[in-house]
Amino acid sequence: MLQTLPALHAPKLLSWYDRHHRELPWRVNPAAAKAGKRADPYHVWLSEVMLQQTTVQAVKPYFAKFLALWPKVTDLAAAPVEDVMAAWAGLGYYARARNLKKCAETVALEHGGVFPDTEEGLRALPGIGDYTSAAIAAIAFNRQSAVMDGNVERVISRLHAIDAPLPGSKPLMKARVAELTPSDRPGDFAQAMMDLGATICTPKRPTCALCPFRDDCLAFAEHDPESFPVKAAKKEKPVRFGAAFVAVTPGGEALLKRRIESGLLGGMTEVPTTAWTSRVDGGTTADHAPFPAGWEACGTVVHVFTHFELRLSVFRALTEKVAVDDGWWEPVTNLEAQALPTVMKKAIAQAISRAFEKHPN
DNA sequence: AATTCGTGGTT
DNA sequence: TAACCAAGAAT
């Protein structure tokens, strides 16, 4: 049989990890880890939350910024939530930032500023689910927890040639991960599985020749590792339409408002917009502007969210600083400090560049 | 259990 | 270039 005993897999992978691990800002290298050194639980937690559905490259600058602003979890707990949202702006999935703040508060107020050191204790905290609780427990506390993210799903599904589709096959795969996870160096094992998935066992054109599991892998033996994991068909992405209104005063202030706490871009800052509907009717005209002004169309911004595409017609107006009951006027020189999601930065950039072209101060 | 949550890089 | 997808969680 091609399959070896599961227990033999872990040393093989750890040996590979010792030589080929990625060096990451939040990580303790395997040599230090073997000497008993552990990564700071705060750093591990912060990086893991940022890395949820987000690439290492995107996370790196945010991780550095957050640590500079808030060196300890108690600093983050004490920070104004608006500051946290502004610092998170651009990273996406903004519920993570709200839960990050809540979690920091819980750790500071209910756990004396110390993270729980068990998977169960971690799992009870806001924004920490099945994956993240297992990952922190393994990486920061060397617990023998089964860590399964998208990388691990890919590695496991190929190793065992699991053809049942995700997400239904998740429990089966997690059981396989649990079988493989060693009591020795479980944290390094988890990180090694993810490094293997990220650098060798990639979604397209995996480098099987360099894989420590090559001789054990059923998918490789079947000559079709790329066909794993099998996933359920995804729905097609609908298109929604809307209009955004960028009002600027002669003094160089733009009208901003805050979105409601829940739902899409919850708690983030925006310029006034119409509702985003599935039809074009009215959404692309200035009829629904926040107040009467000389609204001028200045093009369309297309932005792709997870489950729909938005085509936002952008309007701008140079106006007096009218009183608004919902929102505030912010100097455009201070927009960088606002909690503006990327779609709003696109809309504002489209409008303001034109405003300053036509009306240089 | 299926949906709803961003964004940017890669292929 | 359109599709895929990245250290998933909450509801």
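To find a chain, count down the sequence lines: A is the first, B the second, and so on, and within it residues start at 1.
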Practice item. For B:dT3 versus C:dA7, give the span between their C1' atoms, rounded off to a whole number of Å. Key: 22 Å
Revision key, fill the gap. For residues 250-274 of chain A, the ring pair (Phe, Tyr, Trp, His ring centres under 6.0 Å) pairs (sequence neighbours left out) are none
**Study point:** Parallel, tilted or perpendicular: rings of A:W16 and A:H20 (30°, 60°)
**Key:** tilted
Point to revise | Whole-Å distance separating the CG atom of A:L91 from the P atom of B:dC5 | key: 18 Å
Point to revise | DNA chain C contacts among residues 259-267 of chain A, heavy-atom distance under 4.0 Å | key: none
Check your understanding: Can you name the salt bridge (charged side-chain N to carboxylate O under 4.0 Å, His left out) partners of A:K321, sequence neighbours left out?
Key -> A:E253
Review point. What does A:V343 touch in the nucleic acid at a heavy-atom separation under 4.0 angstrom: a base, only the sugar-phosphate, or nothing?
Key: sugar-phosphate
Exercise for review: Check whether the ring centres of A:F305 and A:H303 lie less than 6.0 Å apart, and answer yes or no.
Suggested key: yes
Exercise for review: Using a 4.0 Å heavy-atom cut-off, write out nucleotides 4-11 of chain C from 5' to 3' as B (base contacted by protein), S (sugar-phosphate only) or - (no contact).
Suggested key: -SBBBSS-
**Study point:** salt bridge (Lys or Arg N to Asp or Glu O under 4.0 Å) partners of residues 107-132 of chain A, not counting sequence neighbours, each pair once
**Key:** A:D117-A:R143, A:R123-A:D130
**Study point:** For atom CZ of A:F308 and atom C1' of B:dC5, their distance in whole Å
**Key:** 10 Å
Review point. A:K345 has an atom NZ; how far is it from atom P of B:dG6, in whole Å?
Key: 14 Å
Practice item. Report the residues that fulfil side chain to side chain donor-acceptor pair (under 3.5 Å) with A:R38, sequence neighbours left out, ordered by chain and then residue number. Key: none
Point to revise | Summary of ring pair (Phe, Tyr, Trp, His ring centres under 6.0 Å) pairs that have at least one residue in residues 124-147 of chain A, sequence neighbours excluded | key: none
Review point. With sequence neighbours left out, which residue pairs that include part of residues 99-108 of chain A fulfil the salt bridge (Lys or Arg N to Asp or Glu O under 4.0 Å) condition?
Key: A:K101-A:E105
Check your understanding: Say you pick atom P in B:dG6 and the same atom in C:dT11; how far apart are they, in whole Å?
Key -> 14 Å
Exercise for review: Any pair with a residue in residues 71-93 of chain A that passes salt bridge (Lys or Arg N to Asp or Glu O under 4.0 Å), sequence neighbours left out, goes on the list, sorted by first then second residue, please.
Suggested key: none
Practice item. Answer yes or no: does a side-chain N or O of A:H307 lie under 4.0 Å from OP1 or OP2 of B:dT3? Key: no
Review point. Within this structure, what is the CZ-to-C1' distance between A:F305 and B:dT4, rounded to whole angstrom?
Key: 13 Å
Check your understanding: Across the strands shown, which category fits A:P167 at heavy-atom distances under 4.0 angstrom: base, sugar-phosphate, nothing?
Key -> nothing
Check your understanding: Within this structure, what is the CZ-to-P distance between A:R96 and B:dT4, rounded to whole angstrom?
Key -> 19 Å
Check your understanding: Which residues within residues 69-79 of chain A lie with some heavy atom under 4.0 Å of an atom in DNA chain B?
Key -> none
Exercise for review: Enumerate the residue pairs fulfilling salt bridge (Lys or Arg N to Asp or Glu O under 4.0 Å) with a member in residues 14-24 of chain A, sequence neighbours excluded, ordered by first and then second residue.
Suggested key: A:D18-A:K34, A:D18-A:R185, A:R22-A:D195
Exercise for review: Could you list the residues that satisfy side chain to side chain donor-acceptor pair (under 3.5 Å) with A:D184, not counting sequence neighbours?
Suggested key: none
Review point. Just how far, in rounded Å, is P of B:dA1 from CG of A:L166?
Key: 15 Å
